[in-house]
Protein chains: 2
Amino acid sequence: MRGYPFDPVARKAGIATFARMTIRPASRHPHGQPSIASVAARAGVSIATVSRVVNGVANKASAETTARVRQAILELGYRPISAGRDLRQRSSRIVALLTANLANPAMAAIAAAAEAALRADGLVMVLCDTHDRPDLQDEYLLAMRAQRARAIVLLGAVASPGLARMQAEGETLVFVSRRSPHGTATPFVGIDNRRAGTEVARHLVGRGCADLAVVHGALSSSATAERLAGFRAEARRLGCALPPRAILSAAATEHLEIGYQAMSVLLRRGRAPTGIFCTSDLIAFGAHRRLLEEGLAVPRDLTLVGFDDSPLNDWVAPWLDSVRVPYDSFGPAIARAIAGSPDADAETTLPHRLIVRTQPPPERRDD
Amino acid sequence: MRGYPFDPVARKAGIATFARMTIRPASRHPHGQPSIASVAARAGVSIATVSRVVNGVANKASAETTARVRQAILELGYRPISAGRDLRQRSSRIVALLTANLANPAMAAIAAAAEAALRADGLVMVLCDTHDRPDLQDEYLLAMRAQRARAIVLLGAVASPGLARMQAEGETLVFVSRRSPHGTATPFVGIDNRRAGTEVARHLVGRGCADLAVVHGALSSSATAERLAGFRAEARRLGCALPPRAILSAAATEHLEIGYQAMSVLLRRGRAPTGIFCTSDLIAFGAHRRLLEEGLAVPRDLTLVGFDDSPLNDWVAPWLDSVRVPYDSFGPAIARAIAGSPDADAETTLPHRLIVRTQPPPERRDD
DNA sequence: CTGAAAGCGCTTACAG
DNA sequence: CTGAAAGCGCTTACAG
């Protein structure tokens, strides 16, 4: 599964390119880059042999031939042009990552981790931001199929006709964070959202928050729905059942706005809850800002729990408790799901962790 | 300059794909996707004709022929496979964006804007995070050349042998935010950093901050150097010249760490400055956290100015003043630089704006 | 207005 | 161990 860029030979060639190319100006090659033909000519072998050496096909070239070819590759600074191979092999080294929202630092972190892991497998990642829009998602799905993408990773899929279609057609799809909105589909990489929701409930109740609320994003996201379900069930079990009116969202597409607006509603109803679970950090940010405007302080006046635990939280949101998803682990897990042997686990559950930054307020305010 | 995906015909074909493909199972086509040959066969024309229709070559097909071809495209859900055209045309629709740090929300915002603008031109963006590392940057440059990337956008370039080489060879490079570290190179898209630095100095001095400091990132970045130069010059002009010891950085790669560590140094020296200019928001975040640990509050005890004005600042850093760069405008500007006619401006200077969120403290604390 | 054919740069059976 | 040749899916002069 190791691709060209990490084949030892090719790698050496690539690294040496810049150092050596000064010797022979690019003008030597009819069309800029040196092609496999120029390497073959220089090494005095056939292009088939060069191809085998480049791809590390074992026991197919004598030591001397291999050495000569490598030498030529080094001297010319040869790197195979992808389109040639792609055409021949009917598949490219491109992997598409469709993310629902790049503005979320946690998504950006996962995207970066995925990129690094895929690169280590010799793959190239194309990043697309669907903004959670079905039409954009379909546009990208189509475009990536035309690119012969080896796999399409959906970091937060949304229901769309194109997705349903491709899923049915057996396109290589990897669902991350959210499950497929179109019936069971694997591979899937994510965390145990239900359990995380449970833990958040335990945290808030354990801290003495009797008056709970949840502010959530679209329930079409399996992640959101599972977080909420876990939270509700555990809160009920602990004797703090949530009335329906304590579970709210807002008709906004941006999580920041959802948090802000939902918090406005909560405040309008009177005294703020003592513990609020926001199903994403961005929602928590929005809610927090509204609280500030109201003169309320976190965690002095209430406990706020977010989700994802954005890498920046440590720096800018010390007032926020949050469930940390292991961004970096997503990279290798995604790469494995793509490269994976057919018998590999279809479902990867990564470990999450509730990060508690705040101390419980010494006592409840008495206004 | 409008590419295939936005050709009206092809677009329609693409959109209709999912609706129609149910009629004819994929198995009809020997290798999954329908090829130009299957369209030609179905329409009863040559593949040359199909190609012309798909690419909208004017006056090269009768109305009836065009209609028949479009019909076939619709029915089969045909989308040209990129590798074929790439190979033939010796260039692809891929544009690489090499960013220095995706964890910076401002960079992520620019990347997202670039992606949208490029997509509107029928291009596909590959995103790579160089982490400001020369070796990684070179690795990516090489990989993207092998992909026949139509252009490589460097959002925060760092000096590297490979970059110097490609610049010399006339590769299509677009420098964004930071200028080329290897001599003048265009196109360049950025803001007037020197002037922004000037404005920050005026802001701080105007607010009565007599005791100024700067915490900056690597000066090899032209953006950082220019910001600093503008700030120094204006501070001096206003009679608040900075002593060398008030200009500091830290030996860390992460801006968050730089801010934290540099602030530690400042605090160790005694009373904190009354106005601090951090050359990035992340540096400001790091500095702020250190201040919090010290029991200092912003803006009560001092004014902090960052740079970039991260989209999240409104929500999580109401204590921070910052220079906002117009993220969204970067997208079209980058797209123009790539598609641009040769006589297009080689340099695009986008407008920035100092965002003042904080009120000056009513009076200086008297400890 | 339309088509036959060359060729882009690779990989990979197939012979030898 | 090595090479000649076919073919991946396109575009584009060139003829007609």
Side-chain angles (χ1 to χ4, degrees), chain A residues 3-5 7 10 29-41 43-69 72-73 76 78-93 122 145-148 150, chain B residues 3-5 7 10 29-41 43-69 72-73 76 78-93 122 145-148 150:
Chain A
Y4 158 69
D7 174 275
H29 310 289
H31 301 297
Q33 310 312 321
S35 75
I36 195 170
S38 33
V39 175
V45 299
S46 73
I47 61 167
T49 299
V50 175
S51 176
R52 289 189 201 105
V53 171
V54 164
N55 293 299
V57 181
N59 300 333
K60 288 289 181 184
S62 69
E64 318 155 69
T65 306
T66 303
R68 267 218 314 291
V69 171
I73 289 174
L76 297 176
Y78 169 69
R79 272 221 161 187
I81 281 161
S82 324
R85 170 209 272 146
D86 292 353
L87 199 52
R88 171 65 210 235
Q89 297 191 330
R90 296 194 181 80
S91 129
S92 77
R93 298 208 153 272
R145 189 165 68 174
Q147 290 286 341
R148 285 242 194 279
R150 175 165 306 196
Chain B
Y4 158 67
D7 174 276
H29 310 289
H31 302 295
Q33 309 314 322
S35 76
I36 194 170
S38 34
V39 175
V45 298
S46 73
I47 61 167
T49 298
V50 175
S51 177
R52 288 188 201 106
V53 171
V54 165
N55 294 300
V57 180
N59 300 333
K60 288 291 182 186
S62 70
E64 317 154 70
T65 306
T66 302
R68 267 218 315 291
V69 171
I73 288 174
L76 297 175
Y78 169 68
R79 272 222 160 186
I81 279 159
S82 325
R85 169 209 273 148
D86 292 353
L87 198 52
R88 172 64 211 235
Q89 298 191 328
R90 296 193 180 82
S91 129
S92 76
R93 298 209 152 273
R145 190 165 67 175
Q147 290 287 340
R148 286 244 195 276
R150 174 165 308 196

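None of these values were measured; they are calculated from a predicted model.
Residue S62(A) has a polar side-chain atom (N or O) positioned under 4.0 Å from OP1 or OP2 of dT2(D). For the pair T65(A) and dT2(D), the criterion of a side-chain N or O lying under 4.0 Å from OP1 or OP2 is met. Close to dG9(D), at under 4.0 Å from its OP1 or OP2, lies a side-chain N or O of R148(A).
As rounded to whole Å, 8 Å separates atom C1' of dT11(C) from atom CD1 of I36(A). Rounding to whole angstrom units, CZ of residue R68(A) and C1' of dT2(D) are separated by 11 Å. Distance L76(A) CG to dG9(C) C1': 15 Å, rounded to the nearest Å. Put simply, CD1 on I81(A) is 15 Å from C1' on dT11(C), counting in whole angstrom units. A straight line from CD1 of I73(B) to C1' of dC10(D) spans 14 Å, rounded to a whole angstrom.
S46(A) is linked by a side-chain hydrogen bond (donor to acceptor under 3.5 Å, both in side chains) to T49(A), counting only residues two or more places apart in sequence or in another chain. I36(A) is linked by a side-chain contact (heavy atoms from CB on, under 4.5 Å) to I47(A), V50(A), S51(A), Y78(A), counting only residues two or more places apart in sequence or in another chain. Under the side-chain contact (heavy atoms from CB on, under 4.5 Å) criterion, S62(B) pairs with E64(B), T65(B), not counting sequence neighbours. Residues passing the side-chain hydrogen bond (donor to acceptor under 3.5 Å, both in side chains) test with S82(B), sequence neighbours excluded: Q147(A). Applying the side-chain contact (heavy atoms from CB on, under 4.5 Å) test to A67(B) and every residue at least two apart in sequence or in another chain returns nothing.
With rounding to the nearest 0.5 angstrom, the CZ atom of R79(A) is 11.0 Å from the CD1 atom of I73(A).
Under a 3.5 Å cut-off, the side chain of R68(B) and the backbone N or O of A43(B) do form a donor-acceptor pair. Between the side chain of R150(A) and the main chain of S92(A), a donor-acceptor pair closer than 3.5 Å is present.
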Mind listing the N/O atom pairs, protein and nucleotides 12-16 of chain C, below 3.5 Å?
residue, atom, partner, partner atom, Å
dT12(C), OP1, Q89(A), NE2, 3.1
dT12(C), O4', R88(A), NH2, 2.9
dA13(C), N6, R52(A), NH2, 3.3

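At the heavy-atom level, S82(B) lies nowhere under 4.0 Å from the strands shown.
Residues G84(B) and S46(B) each lie close to DNA chain C; by heavy-atom proximity, the contact nearer the 5' end of the strand is made by S46(B).
Ranking dT2(D), dC8(D), dG9(C) by closeness to the R90(A) side chain, first place goes to dC8(D).
D86(A) places none of its side-chain heavy atoms less than 4.5 Å from the side chain of S91(A).
Base pairing in DNA chain D gives the following stems of 3 or more Watson-Crick or G-U pairs, range against range and under 3.5 Å: C:1-3 with D:14-16, C:5-12 with D:5-12, C:14-16 with D:1-3.
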